[in-house]
Peer 1: 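I have a structure here, written as structure tokens, and I will follow up with some questions on it.
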Amino acid sequence: MRGAAILTVLVLLAACGPQVPPSPQQVAARCDREARGAEGPTGQVAVGVSSNRGVQSGISIGVTDDFLRGRDPATVHAECYIRLTGAAPMIPYSPALAR
């Protein structure tokens, strides 16, 4: 029983260790998503057919507070990048490149 308690304490202490910083690709993907959210509503439509359940459909619409406040997507992207890395982005946000 004592071994389990020690193991639990070690696992909890390991969880409190330093976090691994996100990769440049992860930062770019996350900031691109935030900037796209500032451009306008996002959404998905899904339709499928299953032999068990028949026809299924679904819809999802998302609206961010950045869009509602009319924030510039380039500003949202730059602030996200600075928040996650501590440095300004080397390449400015472009909707054509973010897709």
Side-chain angles (χ1 to χ4, degrees):
M1 189 66 165
R2 184 173 181 173
I6 292 173
L7 182 61
T8 302
V9 169
L10 290 175
V11 168
L12 291 174
L13 287 175
C16 295
Q19 293 182 345
V20 177
S23 71
Q25 294 84 8
Q26 291 171 323
V27 170
R30 180 171 175 181
C31 294
D32 286 349
R33 275 193 310 273
E34 287 188 24
R36 277 195 305 276
E39 289 176 356
T42 58
Q44 284 183 312
V45 175
V47 178
V49 179
S50 168
S51 60
N52 294 335
R53 297 184 183 181
V55 177
Q56 295 179 317
S57 63
I59 187 167
S60 170
I61 298 174
V63 179
T64 66
D65 62 333
D66 291 324
F67 171 69
L68 294 174
R69 293 188 297 168
R71 296 191 65 214
D72 178 30
T75 302
V76 171
H77 184 270
E79 288 176 357
C80 171
Y81 199 91
I82 291 168
R83 183 178 69 246
L84 295 177
T85 66
M90 298 294 287
I91 301 171
Y93 175 73
S94 170
L97 297 175
R99 304 276 171 196

Peer 1: What heavy-atom pair brings Val27 and Pro22 nearest, and what distance separates the two atoms?
Peer 2: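 Taking Val27 first and Pro22 second, the nearest heavy atoms are CG2-CG, 3.7 Å.
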
Peer 1: Only counting residues at least two apart or in another chain, list the ones meeting side-chain hydrogen bond (donor to acceptor under 3.5 Å, both in side chains) with Gln44.
Peer 2: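 Partners of Gln44 under the side-chain hydrogen bond (donor to acceptor under 3.5 Å, both in side chains) test: none.
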
Peer 1: Report the distance from atom CD of Glu39 to atom OG1 of Thr64, rounding to the nearest 0.5 Å.
Peer 2: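 Glu39 atom CD to Thr64 atom OG1 measures 10.0 Å (nearest 0.5 Å).
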
Peer 1: Tell me which pairs pass ring-ring contact (aromatic ring centres under 6.0 Å, His included) where either residue lies in residues 42-79, with sequence neighbours left out.
Peer 2: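 Every ring-ring contact (aromatic ring centres under 6.0 Å, His included) pair that includes a residue of residues 42-79, provided the two are not neighbours, is His77-Tyr93.
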
Peer 1: Would you say that more than 12 heavy atoms from the other residues, nucleotides or ligands in this model lie under 6.0 Å from the CD1 of Ile91, or not?
Peer 2: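 Atom CD1 in Ile91 is not crowded, with 12 or fewer foreign heavy atoms closer than 6.0 Å.
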
Peer 1: Could you give all pairs that pass the salt bridge (charged side-chain N to carboxylate O under 4.0 Å, His left out) test and reach residues 18-28, with sequence neighbours left out?
Peer 2: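 Checked against salt bridge (charged side-chain N to carboxylate O under 4.0 Å, His left out) - neighbours excluded - no pair reaches residues 18-28.
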
Peer 1: Using residues 78-89 as the side-chain source, report each donor-acceptor pair under 3.5 Å to any protein atom, sequence neighbours left out, with the distance given to one decimal.
Peer 2:
from  : atom 1 : to    : atom 2 : distance (Å)
Glu79 : OE1    : Arg71 : NH2    : 2.4
Glu79 : OE2    : Arg71 : NH2    : 3.1
Arg83 : NH2    : Glu34 : OE1    : 3.3
Arg83 : NH2    : Glu34 : OE2    : 3.0
Thr85 : OG1    : Tyr81 : O      : 2.7
Thr85 : OG1    : Ala87 : N      : 3.2
Thr85 : OG1    : Ala87 : O      : 3.1

Peer 1: Applying side-chain contact (heavy atoms from CB on, under 4.5 Å), name anything that partners Pro24, two or more places apart in sequence or on another chain.
Peer 2: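 Expected list: none.
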
Peer 1: Sequence neighbours excluded and cut-off under 3.5 Å, please list the side-chain donor-acceptor pairs for residues 45-62, or say none.
Peer 2:
from  : atom 1 : to    : atom 2 : distance (Å)
Ser50 : OG     : Asn52 : N      : 3.2
Ser50 : OG     : Arg53 : N      : 3.4

